[in-house]
Amino acid sequence: MNYWLMKSEPDVFSFDDLKSRPQQSEPWDGVRNYQARNFMRDEMKVGDLILFYHSNTNPAGVAGVAEVASEPYPDPTAFDKKSKYYDPKSAPENPRWILVDVKYHADLKRLVSLQEMKEAPALKEMVVLQRGNRLSITPVTRKEFNIICELGS
DNA sequence: GCCAACGTTGGC
DNA sequence: GCCAACGTTGGC
């Protein structure tokens with residue numbers, strides 16, 4: 001089992017949005033970064049756990065736990081001319097952008113803020129906390145995952 | 001809204 | 001293949 005952190009702007013899609021339909025999986029669409037795509041395409045497995053992170057909000061931080069709910073498949077928004085994620089270079093017969101579905105897994109009792117994460121010595125190595133990191137999907141170690149869950153419990 | 005950091009694009 | 005220009009991310 002692998003662990004991940006995935007960023008979402010809560011104005012666009014929040015952890016509460018995901019939780020409001022707990023039995024339903026949601027496509028993690030709109031990723032247009034190759035490294036992030038490769039994590040979904042090559043490394044994620046159904047059942048992997050995800051720290052659902054709220055970015056571009058105050059306070060930013062981990063809002064809850066989700067899980068990977070599908071095998072990778074082409075991102076349909078890349079083919080949709082009306083979508084803001086439309087990419088004319090991604091043809092259906094040769095899709096450039098790949099995603100997985102995610103679904104609700106568990107609550108945290110409270111948000112674990114970015115500031116708390118930065119202040120926790122045991123999280124110093126977390127990929128998402130490294131200087132200048134803008135990747136929307138980053139791997140997380142089991143230890144880091146457990147620490148965040150404890151901070152939020 | 002600002003801006004540092006970073007990824008991508010495209011001319012050469 | 002280099003790199004300047006540009007667009008985006010995301011904390012503050």
Side-chain angles (χ1 to χ4, degrees), chain A residues 2-20 26-44 48-68 72-141 143-153:
Chain A
N2 289 317
Y3 300 91
W4 306 94
L5 180 142
M6 295 169 81
K7 294 179 185 172
S8 182
E9 299 190 22
D11 292 345
V12 179
F13 188 68
S14 73
F15 184 70
D16 282 342
D17 292 333
L18 187 68
K19 191 186 168 184
S20 69
E26 300 287 336
W28 198 266
D29 55 21
V31 169
R32 296 294 179 267
N33 171 282
Y34 290 105
Q35 250 185 298
R37 177 204 66 184
N38 292 349
F39 284 137
M40 292 197 283
R41 186 187 64 187
D42 305 333
E43 300 195 38
M44 284 192 183
D48 281 1
L49 295 181
I50 300 161
L51 298 171
F52 195 115
Y53 179 92
H54 284 174
S55 64
N56 247 316
T57 188
N58 192 10
V62 175
V65 182
E67 64 180 78
V68 176
Y73 64 95
D75 182 341
T77 64
F79 312 136
D80 178 2
K81 282 193 175 143
K82 282 171 289 187
S83 169
K84 71 174 207 175
Y85 301 122
Y86 175 64
D87 181 356
K89 292 174 185 157
S90 182
E93 60 275 16
N94 183 23
R96 175 179 293 204
W97 303 113
I98 303 294
L99 54 68
V100 297
D101 289 348
V102 305
K103 68 178 184 187
Y104 170 79
H105 181 82
D107 283 332
L108 297 176
K109 281 188 185 149
R110 59 180 193 82
L111 181 116
V112 178
S113 71
L114 176 62
Q115 187 184 347
E116 280 178 88
M117 292 163 64
K118 285 179 175 166
E119 285 167 1
L123 298 178
K124 223 177 353 182
E125 309 284 318
M126 260 189 104
V127 178
V128 74
L129 298 182
Q130 303 313 304
R131 175 188 165 84
N133 190 300
R134 299 186 315 166
L135 254 191
S136 63
I137 300 177
T138 50
V140 173
T141 67
K143 187 177 134 204
E144 289 161 351
F145 181 87
N146 288 335
I147 289 169
I148 302 262
C149 289
E150 277 171 34
L151 285 172
S153 69

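A, B, ... follow the sequence lines: proteins, then strands. Residue 1 opens every chain. Note that these values count all heavy atoms, side chains included, but never hydrogens, waters or copies made by symmetry.
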Can you tell me how far P of B/dA4 sits from CD of A/Q130, to the nearest Å?
-> 21 Å
Atom OH of A/Y34 and atom C1' of B/dT9 are separated, to the nearest Å, by 11 Å
Should A/V140 and A/V127 count as side-chain neighbours, where that means a heavy-atom distance under 4.5 Å?
-> no
Indicate whether OP1 or OP2 belonging to C/dT8 is found under 4.0 Å from a side-chain N or O atom of A/Y85.
-> no
Proximal nucleotide (of B/dT9, C/dG11, B/dG7) relative to the A/Q35 side chain | B/dG7
Residue-phosphate contact under 4.0 Å: A/R131 side-chain N/O, B/dA5 OP1/OP2 = yes
Interatomic distance where CG belongs to A/L129 and P belongs to B/dA5 [whole Å] = 17 Å
Take A/L99 and A/V31 through the side chain to side chain contact (heavy atoms under 4.5 Å, CB included) test and state the conclusion after the steps.
-> CA-CA 8 Å; A/L99 54 68; A/V31 169; over 6 Å; no
Could you please spell out the steps behind the salt bridge (charged side-chain N to carboxylate O under 4.0 Å, His left out) verdict for A/E125 and A/K143?
-> CA-CA 11 Å; A/E125 309 284 318; A/K143 187 177 134 204; over 6 Å; no
Is the distance between the ring centroids of A/Y53 and A/F15 under 6.0 Å?
-> no
A/K7 side-chain N/O to C/dG11 phosphate OP1/OP2 under 4.0 Å | no
Given atom CG of A/N56 and atom P of B/dC3, what is their separation to the nearest angstrom?
-> 17 Å
Please state how far atom CZ in A/R96 lies from atom P in B/dT9, giving the value in whole angstrom units.
-> 7 Å
From C/dG10, C/dC12, B/dG7, nucleotide with atom closest to A/S55 side chain = C/dG10
Looking only at side-chain atoms of A/K89, point me to the closest of B/dG7, B/dT9, C/dG11.
-> B/dT9
Grab the CG-P distance between A/L135 and B/dC6 for me, whole Å please.
-> 11 Å
Return yes if a side-chain donor-acceptor contact under 3.5 Å exists between A/D101 and A/Y73, otherwise no.
-> yes
Tell me: CZ of A/R32 to C1' of C/dG7, nearest whole Å?
-> 15 Å
Check the distance between B/dC3's C1' and A/R134's CZ and give it to me in whole angstrom.
-> 12 Å
